[in-house]
Protein chains: 2
Amino acid sequence: MKKRFKSISLADQVFDKLEDDIILGVYPRGQILTELGLAEELGVSRTPIREALRRLEQERLIADNGKGSVVLGITEDDLLDIMNIRERIEGLAAYYAAKNITPEAVQELEHLIDLQDFYFSKHDVEQLRYVDDDFHDAISHLSGRMVICDTLIPLHRKTRRYRRLVMGDWDRAAQVTKEHRAIAQAIAEGNGDLAQELMTRHIVHSKEQLIKEEV
Amino acid sequence: MKKRFKSISLADQVFDKLEDDIILGVYPRGQILTELGLAEELGVSRTPIREALRRLEQERLIADNGKGSVVLGITEDDLLDIMNIRERIEGLAAYYAAKNITPEAVQELEHLIDLQDFYFSKHDVEQLRYVDDDFHDAISHLSGRMVICDTLIPLHRKTRRYRRLVMGDWDRAAQVTKEHRAIAQAIAEGNGDLAQELMTRHIVHSKEQLIKEEV
DNA sequence: GGTGTTTCTACTGTCGACAAACGTCTTCTT
DNA sequence: AAGAAGACGTTTGTCGACAGTAGAAACACC
């Protein structure tokens, strides 16, 4: 049997945990994180902590403050900017995904759509949120354009916290599943222009929903 | 006298050097870099090298290959994607810059425009390239939107190599200086919509120029 | 009491060392 | 001769240690 699960390094684990905690607000904006403190808290040496902090710094989730790292997190302005950027870029990803479509890709998208329908029918908000993430990440990957992936996927991760809120609105969740299905179909048919337009509209809707919730 | 120059850590220096070397092609695509090899070559220990490699990995300039890191660099596809993304985002930066304009910001932009005119009159292509970089970075910063900065500035860095080619075309360089001046003026006047449109058109022109050169 | 100076403490930057993982080459067996 | 098994070398992941530094606190002096 092929080796399928590559061992995750401690540094990766620390990064995943800290990223999640910061995005979800476990570490609030303004909190100071020190390498030694985290090392003790997580029971590892400073080396993997350092690596994780540097990556968080590069994603601007924390900032070096001379004395420790201060948590920045995601502000409401950030969130608006993220949606504005996604609104302008994510259609490109869908376009290229449609242009590069393969039978395997179609299958992958269909699987995600099926999952989405399943969790929707079960009213499982948490899982719907994950599938939503996966759907958008999958299309980014299917575009085959690395720069687009690198631009979009960090933005997807940063919206995780708020995605939960949006998906909690059941009418919107129903609309999302419908829009996703239409996008997947356009991509499967290789209709790049349609996929691009549907995706852009989808993000615009999500942005409007988000603005509405914040008020 | 105030301490003005913060000491740059070895890791930062290594990162800057490697990033430059990869973007400018000193390390060609496909070359394998090992931590130990670089440590010996640069005369530092593996720790700062590791940190630099991880950051390069996050920018997808290299990829971990199990045995060392393989240089990816910037492909022509990447470059096209970068310009497509900038074309869609950089107008936003200009828009916000115009909205947040301050007297200091106006002065900074005017200074960059003056510099640009100066180097243009001296036919100094190399310096023009730097000023071009600075101009676009400055507008990103003036937008005051961190997510936009984080999206655009890495893309600016990655186009450094090709910017030199473009600026070598003297007609285009003249046009660039004119377009920059118009953008700076729109921003200084606080005209966000105009700044956005001028900036977008400017990037579109640059993209078209780039495509023309590659053929 | 306020201000400049010194000390102190906590943190980061860097290093060398050790162990685990992975591929490679040799060697043994059939 | 071909294939399997094991030894070897290279590279990375992780650790603890040491030095340098920057801010804070304590102290002395006016």
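Source: prediction; values computed, not measured.
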Practice problem: Look at the aromatic rings of B/His202 and B/His180 and report parallel, tilted or perpendicular, splitting at 30° and 60°. | Solution: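 B/His202 and B/His180: perpendicular rings.
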Quiz item: Base, sugar-phosphate, or nothing: which does B/Thr47 touch, judged by heavy atoms less than 4.0 Å apart?
Solution: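 Base, at least one base atom sits under 4.0 Å.
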Quiz item: Between A/Ser45 and D/dC15, does any side-chain N or O lie under 4.0 Å from OP1 or OP2?
Solution: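 For D/dC15, OP1/OP2 do have a side-chain N/O of A/Ser45 under 4.0 Å.
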What integer distance in Å separates [X]:[atom1] from [N]:[atom2]?
X: A/Ile49; N: C/dT12; atom1: CD1; atom2: P; result: 11 Å
X: A/Leu38; N: C/dA10; atom1: CG; atom2: P; result: 17 Å
X: A/Phe15; N: D/dT14; atom1: CZ; atom2: P; result: 15 Å
X: B/Ile32; N: D/dT10; atom1: CD1; atom2: P; result: 16 Å
X: B/Arg46; N: C/dC18; atom1: CZ; atom2: P; result: 14 Å
X: B/Asp64; N: C/dC22; atom1: CG; atom2: P; result: 12 Å
X: B/Glu40; N: D/dT12; atom1: CD; atom2: C1'; result: 15 Å
X: A/Asn65; N: C/dT12; atom1: CG; atom2: P; result: 11 Å

Counting side-chain heavy atoms from C-beta on, which of [options] comes nearest to [X]?
X: A/Leu36; options: D/dG13, C/dC11, C/dC15; value: C/dC11
X: A/Glu35; options: C/dT12, D/dC15, D/dG13; value: C/dT12
X: A/Thr34; options: C/dC15, C/dT12, D/dT12; value: C/dT12

Quiz item: Does B/Arg50 pair with B/Glu57 as a salt bridge, N-O distance under 4.0 Å?
Solution: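 Between B/Glu57 and B/Arg50 there is no salt bridge, as every charged N stays at least 4.0 Å from the carboxylate O atoms.
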Quiz item: Do B/Asp16 and B/Arg55 sit within salt-bridge range, that is, some charged N less than 4.0 Å from a carboxylate O?
Solution: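 No.
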Quiz item: A/Gly43 or A/Gly66: which one's nearest nucleotide on DNA chain D is closer to the 5' end?
Solution: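 Its nearest nucleotide being more 5', the pick is A/Gly43.
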Quiz prompt | B/Glu35 atom CD: more than 12 heavy-atom contacts under 6.0 Å | solution =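 Check passes, neighbour count above 12.
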Self-check item: 5' precedence on DNA chain C between A/Arg50 and A/Lys67 (nearest-nucleotide basis)
Solution: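 The residue whose closest nucleotide sits nearer the 5' end is A/Lys67.
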Exercise. Carefully, step by step, assess A/Phe135 and A/Ile113 under the rule side chain to side chain contact (heavy atoms under 4.5 Å, CB included).
Key: CA-CA 8 Å; A/Phe135 182 75; A/Ile113 294 294; 3.9 Å; yes
